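This report concerns only the one structure given below.
Model, not experiment: these values are computed from the prediction. So you know, we letter chains A, B, ... as the sequences are listed, proteins then strands, and number each from 1.
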Number of protein chains: 2
Amino acid sequence: MRNLLKDKKLSETPFRKEVLAIFTKYNNAIPLSIVEKDLKEYNRITLYRTIKVFVEKGIIHEISLSGEESNYAICQEECDIGSHQHQHIHFKCNMCGTISCVKINKFPTIQLPEYKIDQLEIQVTGLCKKCNA
Amino acid sequence: MRNLLKDKKLSETPFRKEVLAIFTKYNNAIPLSIVEKDLKEYNRITLYRTIKVFVEKGIIHEISLSGEESNYAICQEECDIGSHQHQHIHFKCNMCGTISCVKINKFPTIQLPEYKIDQLEIQVTGLCKKCNA
DNA sequence: TAATTATTTGCAACACCGTTGCATTAATTA
DNA sequence: TAATTAATGCAACGGTGTTGCAAATAATTA
Ligand SMILES: [Mn+2]
Ligand SMILES: [Mn+2]
Ligand SMILES: [Zn+2]
Ligand SMILES: [Zn+2]
């Protein structure tokens, strides 16, 4: 398993390792409130700064859904500083509430004459694998 | 032009009419800060409550983009209490910053075996008509 | 390894966001 | 027009996220 902090040229502090471990542990996106619960004790200012630098460096990405607190998930593809590349969708289960990044084989393209399309982000709600079984 | 407030069974107060007129005036989505600027004077608590009830009743819908303050736009299709039906995408122009609801002819469907898909929301960034011309 | 330098952390303080209880005022209904 | 129902404005509060600065820690260099 690669060392994300070193890769992204970030100092390896105990706190950053701990926060990174939490994101790695989950297979889905989590809000800050979960991170906070999983940390034994923490300084909220440092946590905000940590999240910010993780997003900036392309370690995690933010998922904004209407009426939801922001969720964050480890970047799966090769994200870089400032540019996050998503070839996956963001799925919110209406039953269990889980928000996750789901890879799909045919990522759709859309036709928008006169516009120039840069990035496409897709958010889907419904029933996840588990809850649909 | 239909009376949205009456249609949605909301009391027609001067303030609600004024806020609704602002949303109607714009052809794109706007954040609360714009609404506030356009109102001569207002009470921010009442504004929050107005926005909330407009969203609940399906008069406007919220557009959440990562790193942006929430934007709101008049519902174009037949949205109802609790369920917003979007057959359009949300486009953010990287040049002028405008966020708008854009209708497309072929709204994509995606294949997600084992999942049950309810709603699909698509957010696109790039250059808008104007800025791409 | 020890000393130096660069970076991160924690504290204090603050501004902004959004909500709630409650009394007052306005809109709807009869 | 009177009675009823709903919206508004005030006060007060908790949550969110940021900044300046000093102390602590990590990385770098000698
Ligand atoms: Mn994702
Ligand atoms: Mn829209
Ligand atoms: Zn589920
Ligand atoms: Zn533009």
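Here C/dA6 presents its P atom at 18 Å from NZ of A/K9, a figure rounded to the nearest Å. Counting to the nearest Å, the P atom of D/dT18 and the CD atom of A/E56 are 10 Å from each other. If you take CG of B/L47 and P of D/dC10, they are 14 Å apart, rounded to a whole angstrom. Distance, B/E41 CD to D/dC10 C1': 15 Å, rounded to whole Å. Rounded to whole angstrom, the span from the CG atom of B/L5 across to the C1' atom of C/dA27 amounts to 13 Å. Per the geometry, CZ belonging to A/F54 stands 11 Å off P belonging to C/dT8, to the nearest Å. Rounded to whole angstrom, the span from the OH atom of A/Y42 across to the P atom of C/dC11 amounts to 13 Å.
In A/K25, the NZ atom is crowded: over 12 heavy atoms of neighbouring residues, nucleotides or ligands sit closer than 6.0 Å. At most 12 heavy atoms of other shown residues, nucleotides or ligands fall within 6.0 angstrom of atom CD in A/Q111.
Residues A/Q119 and B/T125 bring no donor and acceptor atom of their side chains to less than 3.5 Å of each other. A donor-acceptor pair shorter than 3.5 Å cannot be found between the side chains of B/Y48 and B/N43.
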Protein-nucleotides 23-29 of chain D N/O pairs under 3.5 Å:
from   : atom 1 : to    : atom 2 : distance (Å)
D/dA27 : OP1    : A/E12 : N      : 2.9

Look for any protein N or O under 3.5 Å of an N or O in nucleotides 14-19 of chain C and output each such pair with its distance, or none.
from   : atom 1 : to    : atom 2 : distance (Å)
C/dG18 : OP2    : B/Y48 : OH     : 3.3
C/dG18 : N7     : B/R44 : NH1    : 2.9
C/dG18 : N7     : B/R44 : NH2    : 3.4
C/dG18 : O6     : B/R44 : NH2    : 2.8
C/dT19 : OP1    : B/K52 : NZ     : 3.4

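Closest to the side chain of B/N43, out of D/dT8, D/dG9, C/dG10, is D/dG9.
The aromatic rings of A/H61 and A/H88 sit tilted, their planes meeting at an angle between 30° and 60°.
Residues A/C128 and A/T98 fail the side-chain proximity criterion, which asks for heavy atoms closer than 4.5 Å.
Every residue was checked against the ring pair (Phe, Tyr, Trp, His ring centres under 6.0 Å) condition with B/Y72, not counting sequence neighbours, and none meets it.
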>> Please evaluate residues B/F15 and B/Y42 with respect to the criterion ring-ring contact (aromatic ring centres under 6.0 Å, His included), reporting the C-alpha separation (whole Å), side-chain torsions for both, the decisive distance (0.1 Å), and the verdict.
In response: CA-CA 8 Å; B/F15 186 72; B/Y42 69 98; 7.3 Å; no
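In terms of modelled atom types and a separation under 3.5 Å, the side chain of B/R16 and the main chain of B/T50 share no donor-acceptor contact.
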